[in-house]
Q: 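Structure below; questions to follow.
What you see is a predicted model; the values in this text were computed from it and never measured. All chains are named by letter (A, B, ...) in the order of the sequence lines, taking the proteins before the strands, and each is independently numbered beginning at 1.
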Amino acid sequence: MFRPASNESGFFDRTSVEVAPALLGARFTRHSSLGDVSLRITEVEAYLGVGEDPGSHSFRGRTARNAVMFGPPLHLYTYFTYGMHVCANIVCSPEGQASAVLLRAGEIVAGVEYARSNRGEQVTNRDLARGPARLTKAMGIPLSDDGADLMGAVYTLELVDQVQDVGTSVRTGVSGPGGLAEYPWRFFIPDDPTVSPYRASVPRRRT
DNA sequence: GCTGCGATTGACT
DNA sequence: GTCAATCGCAGCT
């Protein structure tokens, strides 16, 4: 059952839309000095590359921020948003192409106490990593881990418990011209309580 | 150099 | 259901 992710088979050379559903059920672990934290992935979203996906950070080409997306697969891409939140992605596609899978939600299956110390003592197990920014906070993933190796000393990914029944829907929180919300690139485990509640993208009001 | 806004969350009505 | 917080990036002047 233990199957550490590697790219020997070229599995991660495929696009994020192909890889994303296969990551559901996988175990993603961060090894820290305070102990390991493991996540069972229950919800992801796929983002494609230059000129392919108007909702992707890489749509307009390579920049300092998204450089890691253009690098080799099986690396971590982190970014900072809304002035306060960190989100984490798994880079896919061969080097030079930019596609990534956003980790939207999961269930903390090891290191629950560590996760709770990051999120707050009142937070229920179900809510610890229910949402992309909650997930990174629970696991203690810092923005500075952008580009980290997912087969390395700090992060590991194990393709275990892969699910057969995959739910799909339009992506959350993505807005803009051209009907971005129509891309059905959100994948989740149906009826799993840790899947984040769907919120349609709402244009922000001015003050 | 300046400005608008985002792959969100938590607090509040 | 509504809304503020908060800051780096990208696009424009």
Q: Are A:Val101 and A:Phe188 connected in a single hydrophobic cluster, I mean Ile/Leu/Val/Met/Phe/Trp/Tyr linked by side-chain heavy atoms less than 4.5 Å apart?
A: no
Q: Could you give the distance separating B:dC5 and C:dC3 at their C1' atoms, to the nearest angstrom?
A: 16 Å
Q: Would you indicate, yes or no, if C:dA10 has its OP1 or OP2 atom less than 4.0 angstrom from a side-chain nitrogen or oxygen of A:Thr63?
A: yes
Q: Are the side chain of A:Ser38 and the backbone N or O of A:Val109 linked by a donor-acceptor pair below 3.5 Å?
A: no
Q: Within the stacking criterion (centroid distance below 5.5 Å, interplanar angle below 30°), does A:Tyr47 stack on B:dA7?
A: yes
Q: Does B:dT9 have its OP1 or OP2 closer than 4.0 Å to a side-chain nitrogen or oxygen of A:Arg119?
A: no
Q: From the list B:dT9, C:dC9, B:dA7, which nucleotide is the closest neighbour of the side chain of A:Tyr77?
A: B:dA7
Q: Calculate the interatomic distance between A:Tyr82 atom OH and C:dT6 atom P; express it in whole Å.
A: 16 Å
Q: In terms of side-chain heavy atoms of A:Arg134, which of B:dG10, B:dT8, C:dC9 is nearest?
A: B:dG10
Q: Rounded off to whole Å, could you give me the CZ-to-P distance for the A:Arg62 and C:dC9 pair?
A: 15 Å
Q: Would you tell me if any nitrogen or oxygen in the side chain of A:Arg186 comes within less than 4.0 Å of OP1 or OP2 on B:dA7?
A: no
Q: Any side-chain N or O of A:His57 under 4.0 Å from OP1/OP2 of C:dC9?
A: no
Q: I need the single residue from A:Arg130, A:Glu107, A:Arg116 that forms a side-chain hydrogen bond (donor to acceptor under 3.5 Å, both in side chains) with A:Asn125. Which is it?
A: A:Arg116
Q: DNA chain B in dot-bracket, Watson-Crick or G-U pairs under 3.5 Å, [ ] crossing, | other strand?
A: ||||||.|||||.
Q: Measure from the side-chain N and O atoms of A:Ser99 to the backbone N and O of A:Ser16, and report whether any donor-acceptor pair falls under 3.5 Å.
A: yes
Q: May I have the distance from A:Leu103 (atom CG) to B:dA7 (atom P), rounded to whole angstrom?
A: 16 Å
Q: Atom CE of A:Met69 to atom C1' of C:dC9: distance rounded to whole Å?
A: 15 Å
Q: With a 4.5 Å heavy-atom cut-off, do A:Ile141 and A:Tyr155 have their side chains touching?
A: yes
Q: State plainly whether one hydrophobic cluster holds both A:Phe59 and A:Val50, where clusters connect Ile, Leu, Val, Met, Phe, Trp and Tyr through side-chain heavy atoms under 4.5 angstrom apart.
A: no
Q: Which of the following nucleotides, C:dC7, B:dA7, C:dA5, is nearest to the side chain of A:Met84?
A: C:dA5
